Amino acid sequence: MEYGLESSFKIYAGGLGILAGDYLKGAKDYDYPIVGIGIKWRQGYTDQLIGNDGKPYDTYRNYDYDFLEDTGIKVPVKIRQRDVMCKVWKVDKFGNNQLYLLDTDIPENEDTGITSNLYGGFGEDRVAQEMVLGIGGIRALRALGIDIDVYHFNEGHAVFAGFELIREKMYNGMSFEEAFEKTKKEIVFTTHTPVVEGNESHYLDRLMYMGANNGLTLEQMIKIGGSPFNMTVAGLRLSRVSNAVSKLHCDTANKMWKHVDERSDIIGITNGVHLPTWVDEKMIEAAEKGENIWETHCRNKNELIEFVREKTGVRLEPNKLLIGFARRAAPYKRGDFIFKNKEIITPLLEERKIQIIFSGKAHPLDDVGKTIVQNIVKMSKKYPKSVVFLENYDMNIGKMLTRGCDVWLNNPRRPKEASGTSGMKAAMNGVLNLSILDGWWPEACEHGVNGWQFGDGFQTKNVEKQDSHDLKALYNVLLNEVIPTYYENREKWVEMMKNSILSTKDMFSIKRMLEEYYEKMYID
Ligand SMILES: *Cc1c(COP(=O)(O)O)cnc(C)c1O
């Protein structure tokens, strides 16, 4: 549904898209025969604007790109009984393997708006988008004449492609059962979200009315996705093997989908990042030689400080500890968590012992997420010298922050963070992770050696109890380990930076991830 290839190419929203973008770049670097299918979003996700009232607002504009290549191909998808033509664009300008983007915004369509807004709606709009991606995607591959051995569905958004693969086989004379079995052998599936509400489902009558069933009967639909039709369940049943995006997420996903019968096995393949996109090679070099680590980092930190000054007018202090936190403002990520105990946090901010930069968007329909952003903005107004909020989080802000901060904070409610690739980017740049043991971090963390954990992996369904436990743990590590090490033991800090870089740069690279996908998923 989304690809993060370049900051200003606005066809991405967050981690899922960045992963897909990094993956296509890795495929190019290491010469894997992979092509991507996506959508050309006219307005992208949403642009965030902070109002004078301190609240985040969603703004939209049409984006034009002059680098899209017209393939000359258009494919039809029947949506609500009407043929919608999907124009196919090609993109390979960002050091990526070919990406083909479907676009309904052409004169011959009445439904030009289907490909307007990434994650713009949850109902019919979303289904229409997923029909374009899935059914249109397979038809585009056929029209382009590209032979495919394995179809990889990145999240449930793509599952209607499975219906098209079944339809093709039935058209050629197979029974549904045969076509379903054969299709399963061609598909692998990645599930990303351990948050129940994040796993999209639709009432069957809506899918039938939209034409998403693509010729399948109600009964056949239920056999694949249940009723209501769950997109993740469908992905698990349409594939020969599935994966979760970290080891811990693998356990979580297996528990979460235990009740689903006739599904593929879920294995764990931890995400990775594309180093040339995210990591300052001078930091890697410094870590490998064991020289100039601090000086190289200070250059990145100063660049970030200058970037913040240009954007906000705030002059951060280069000699003070700088903490970064940038992620989607989803409630489980607890963006304003560090502010929860005023008695502890106030003196730290007033004395400027710590400075914190935040960035992150809430989904346009997520009011709780928006309140979190508003709380952070409020703190930045109260403590303008030590708290900064950068509006409209994008890849460029992500890159600046994961290079230039001293510490990368991550405090989700375990086990809801499936992977958390921003932490990998930070770690490889020598920015020390201070994180709950969630997502990828349990696989990498050596406490006090290459970063810090807090919370000891404690988890409970009682949200208040979880929050109060984690908050104590965060302050404990921050006050007793992070701050003293930064101000009083620079030598140890630099040693930790070196360990952070050397222990993560290979293990959490897109290269390792692609190798695992090949060995464990693609090769039959
Ligand atoms: C890396 C990145 C992400 C994903 O990181 P998380 O740790 O999962 O939040 C999201 N958005 C941007 C802009 C990124 O660069």
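Remember, it's 1-based here, ligands and their atoms both numbered in the order they're listed. Computed from a predicted structure; not experimentally measured.
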Heavy-atom contacts under 4.0 Å to ligand 1, chain-then-number order, include exactly Gly14, Gly15, Ile18, Trp278, Arg327, Lys333, Tyr393, Asp394, Met395, Gly420, Thr421, Ser422, Lys425

Is there a donor in the side chain of Asp103 and an acceptor in the side chain of Trp89, or the other way round, less than 3.5 Å apart? yes

For a quick test of your reading: what N or O donor-acceptor pairs under 3.5 Å do the side chains of residues 421-433 make, sequence neighbours left out?
from, atom 1, to, atom 2, distance (Å)
Ser422, OG, Arg327, NH1, 3.4
Ser422, OG, Trp408, NE1, 3.0
Asn429, OD1, Asp280, N, 2.8
Asn429, ND2, Trp278, O, 3.0
Asn429, ND2, Thr402, O, 3.1
Asn429, ND2, Lys425, O, 3.0
Asn433, ND2, Gly423, O, 3.0

| request: For Arg512 and Asp506, indicate whether the former's side chain and the latter's backbone hold a donor-acceptor pair under 3.5 Å. | output: no

Go through the side-chain N and O atoms of Glu443 and Thr270 and say whether any donor and acceptor fall under 3.5 Å apart. yes

TODO: Establish, yes or no, whether a centroid distance under 6.0 Å links the rings of Tyr32 and Tyr522.
DONE: no

The reported gap from CD in Glu417 to CG in Asn411 (rounded to nearest 0.5 angstrom) is 10.0 Å

